[in-house]
Amino acid sequence: MSSHMFSVQQFYVPWRRICCKSEKLTPVALNWLWSSNCHTGPHVVSQQSNQKGASNKQVTKRPKKERSSCQAVLNLFDQQYSEELGDLWPSARRVLLDPQSWQYGVMLNRFSAVTDITQILQFQGFSTLLPQMDISPLLCNGPSTVSSSKYHKGKDTLLSSDYISKCPPDDSLPQPDSTSHMLGQDPQSEPSLSLPCPSLQCYIHPSPLRFPSQAHRPGQLKQYYLLNAASLLPVLALQVRDGEKVLDLCSAPGGKALAMMQSATPALLCCNEPDPHRRDWLAKTLESFLPHSLNSRVIVSAQDGRSFGQSEAGVYDKVLVDAPCSNDRSWLYSCSNQQGEQRLKERTSLPVLQAQLLRSALSAVRPGGIVVYSTCTLSSFENSAVIETALSDFPEAEPEDLWEEIAAPLSKYFAFSSHPGHGRTPRKPSLQPQNGTMSSYQHRLGILVVPQPGKTWGPMFLSRIRRRK
């Protein structure tokens with residue numbers, strides 16, 4: 001097999017081999033893309049009841065399982081976050097050190113029948129996170145109908161996430177010299193899709209209870225996805241509309257991509273993941289939740305995310321950069337102090353990679369388009385400092401205040417820090433607040449969800465940047 005070929009035959013049904021022209025990542029970058037961006041899925045799996053019917057969806061308290069924290073990581077967190085978060089850190093620390101207190105959300109899949117699930121959730125005391133919030137940009141009086149448009153030709157190989165059961169014969173494999181491949185029929189000839197109305201529905205519980213996870217079943221769509229509900233906030237900030245071209249630059253494991261598809265029906269959603277293991281995970285997630293009718297719209301790419309700014313300049317309406325980061329929840333429970341210390345040594349290189357990815361996204365989005373940057377760390381060096389670096393290097397980028405739009409309306413459910421990083425990052429003169437307070441300046445850089453007792457969601461940082469026309 002050519003060095004540019006990869007196989008995804010390890011999935012539940014055979015996949016075709018496809019030709020992939022993907023940029024190589026440095027070992028450090030690959031390590032972060034594999035191990036550091038995993039906040040959209042829960043870490044603990046509960047057991048389902050053996051009873052039939054509704055009873056097999058009973059909420060369960062997660063089993064008591066001792067998890068030892070890594071002292072080296074905790075020591076660094078104490079040193080850094082006590083300064084950055086002030087009085088919020090002691091309570092956030094207690095939450096992070098108590099996994100049994102962590103809450104999880106249940107995001108429903110609009111492409112599957114969920115009436116029974118909704119009734120069970122409500123009976124068990126779950127409530128909707130986004131009551132009466134109009135996620136779709138259009139009033140919906142019936143099924144969403146969106147026509148396909150001709151997609152651009154990129155320089156990466158694209159794999160339809162829902163093409164698994166439509167494997168062509170081997171003689172129809174793409175040729176090695178092809179620069180781009182779309183699986184499925186030509187979008188121009190594809191009829192309009194008739195899909196359920198866009199509706200992002202996530203149910204949460206005030207207690208740390210866990211709805212049972214669903215097993216993967218080939219040919220059947222899952223009804224719901226379990227996640228940290230704070231991971232939906234970047235999707236809300238992105239404001240995906242029907243018919244748009246959207247890039248999910250660091251897509252695995254796929255939770256935010258699924259949330260986008262619940263919110264709207266974009267003309268194209270490119271889910272990019274250069275690491276082969278995480279890309280397999282991503283593709284399996286998409287296959288488990290999205291119908292085959294979307295096979296030419298939702299695609300998986302294998303590019304180095306830093307190359308999109310050149311290979312796909314100005315192509316997308318919206319770009320999400322859910323950047324690889326020092327995932328606080330995961331890192332705190334490193335397998336050993338030695339692993340924790342190694343991660344801390346490599347941590348200093350992350351902001352450079354994150355800024356490169358953000359600059360690539362700002363180049364890949366069209367003038368007037370939107371980029372949302374997010375992480376699952378409390379660290380200002382990977383959050384507001386990265387935003388400031390990108391803004392100083394990209395004069396046509398304009399940050400937008402998310403406080404009134406997202407933080408204020410959802411403060412009932414999430415604990416937001418009013419000053420992410422407390423302004424400890426150095427600012428260049430051009431970025432100093434001009435006609436507003438330091439508080440409004442910090443809000444424009446982004447908002448930070450800090451885990452707190454009773455509101456254990458997060459960590460989650462998000463920032464929205466618009467590229468000026």
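For reference, positions follow the sequence shown, starting with 1.
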For the rings on Phe211 and Tyr224, is their centre-to-centre separation under 6.0 Å? yes
Residue set satisfying side-chain contact (heavy atoms from CB on, under 4.5 Å) with Glu244, at least two apart, ordered chain then number -> Val240, Arg241, Val246, Asp317, Lys318
Check: Asp322/Ser374 side-chain N/O donor and acceptor closer than 3.5 Å: yes
Ignoring hydrogens and angles, tell me if any N or O in the side chain of Ser463 forms a donor-acceptor pair with the backbone of Leu445 under 3.5 Å. yes
Less than 3.5 Å apart, any donor N or O on the side chain of Gln303 or Ser311 sitting next to an acceptor on the other? yes
Check side-chain contact (heavy atoms from CB on, under 4.5 Å) between Glu398 and all other residues, then give those that pass, not counting sequence neighbours. Arg444, Arg468
Aromatic contact, Phe289 with Phe111 (centres under 6.0 Å): no
Taking only residues two or more places apart in sequence, or in another chain, which ones meet Ala259 in a side-chain contact (heavy atoms from CB on, under 4.5 Å)? Met107, Leu200, Leu232, Val235
Here the salt bridge (charged side-chain N to carboxylate O under 4.0 Å, His left out) pairs for residues 226-237, sequence neighbours left out, are none
I'd like to check the salt bridge (charged side-chain N to carboxylate O under 4.0 Å, His left out) partners of Glu400; sequence neighbours left out, ordered by chain and number. Arg464, Arg466
Side chain to side chain donor-acceptor pair (under 3.5 Å) involving Ser379 - partner list, sequence neighbours excluded: Gln80
Quick one: list whatever passes ring-ring contact (aromatic ring centres under 6.0 Å, His included) with Phe77, sequence neighbours left out. Tyr81
Ser326 side, atom OG; Leu332 side, atom CG - distance, nearest 0.5 Å: 11.5 Å
Please tell me whether Arg306 and Gln356 have a donor and an acceptor in their side chains that are separated by less than 3.5 angstrom. yes
Between Ser112 and Asn109: side-chain donor-acceptor atoms closer than 3.5 Å: no
Side chains of Gln262 and Gln201, donor plus acceptor under 3.5 Å: no
For Glu341, salt bridge (charged side-chain N to carboxylate O under 4.0 Å, His left out) partners two or more places apart: none
Can you name the salt bridge (charged side-chain N to carboxylate O under 4.0 Å, His left out) partners of Arg467, sequence neighbours left out? none
side-chain contact (heavy atoms from CB on, under 4.5 Å) with Ala355: which residues, sequence neighbours excluded? Arg359, Val386, Thr389
For Thr456, what residues pass the side chain to side chain donor-acceptor pair (under 3.5 Å) criterion, not counting sequence neighbours? Gln103
